Amino acid sequence: MDDHEKAIELYQQAYDSRCKVLGESHPKTLVTLNNLAYHHGQVGNHQRSKEMYETVYILRCKTLGENHPDTENAKRNLGYAQKRCEGTE
């Protein structure tokens with residue numbers, strides 16, 4: 001198991017736990033999901049990565065608004081993930 005695969009396992013556990021304790025829209029939960037999406041992208045799971053980044057973006061829009069810096073960052077990450085998906089089709 002490489003470092004990214006191990007990170008996926010650990011971030012998934014942390015994400016599941018944070019969803020239960022803090023809720024799916026909590027900022028710390030969304031940071032964890034964002035990190036999980038990054039590692040999925042690093043191992044080539046581009047579609048899964050894109051889906052996770054999309055979730056982060058949608059939830060940040062709802063909780064922080066479209067113009068918040070964290071929402072803008074999520075939008076940028078989603079854009080990068082969409083480009084990676086287009087490159088693998």
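Everything numeric in this text was worked out from a predicted model, so none of it was measured.
Screening residues 12-35 for salt bridge (charged side-chain N to carboxylate O under 4.0 Å, His left out) gives no qualifying pairs among residues at least two apart or on separate chains. Applying the salt bridge (charged side-chain N to carboxylate O under 4.0 Å, His left out) definition to pairs two or more places apart or across chains, those involving residues 37-55 are Arg48-Glu51. Among residue pairs with one or both ends in residues 3-33, those qualifying as ring pair (Phe, Tyr, Trp, His ring centres under 6.0 Å) are His4-His39, Tyr11-His39; sequence neighbours excluded.
Other residues sharing the hydrophobic cluster of Val21, ordered by chain and number and joined by side-chain separations under 4.5 Å: Leu22.
Residues passing the side-chain hydrogen bond (donor to acceptor under 3.5 Å, both in side chains) test with Asp70, sequence neighbours excluded: none. Applying the side chain to side chain contact (heavy atoms under 4.5 Å, CB included) test to Ser25 and every residue at least two apart in sequence or in another chain returns Leu59, Thr63.
Around the CD atom of Glu66, the shell of radius 6.0 Å holds no more than 12 heavy atoms that belong to other residues, nucleotides or ligands.
Cluster membership check: Leu33 shares its hydrophobic cluster with Ile8, using side-chain heavy-atom separations under 4.5 Å among Ile, Leu, Val, Met, Phe, Trp and Tyr. Put simply, Met52 and Val43 are part of the same group of oily side chains (I, L, V, M, F, W, Y) that touch within less than 4.5 Å, one to the next. One hydrophobic cluster, built from ILVMFWY side chains closer than 4.5 Å, holds both Tyr57 and Tyr53. Hydrophobic clustering keeps Leu30 apart from Leu78 (ILVMFWY residues linked when any side-chain heavy atoms are closer than 4.5 Å, directly or through intermediates).
The structure places CG of Leu64 at 11.5 Å from CD of Glu72, a figure rounded to the nearest 0.5 Å. From Thr32, atom OG1 reaches atom CD of Gln12 across 10.5 Å, with rounding to the nearest 0.5 Å. Taken from SG in Cys85 to CD in Gln47, the straight-line distance is 4.5 Å, to the nearest 0.5 Å.
The closest donor-acceptor contact from the side chain of Glu5 to the backbone of Asp2 lies under 3.5 Å.
Of all the heavy atoms in Thr29 and Gly23, the pair that sits closest is OG1-O, 2.9 Å. Minimum heavy-atom separation, Ser49 to Gly41: CB-N, 3.7 Å.
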Please assess Lys83 against Glu86 for the test salt bridge (charged side-chain N to carboxylate O under 4.0 Å, His left out), listing each intermediate value before the final yes or no. CA-CA 5 Å; Lys83 285 185 180 186; Glu86 291 168 6; over 6 Å; no
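Proximity of Asn77 to Val56: side-chain heavy atoms (C-beta onward) are nowhere separated by under 4.5 Å.
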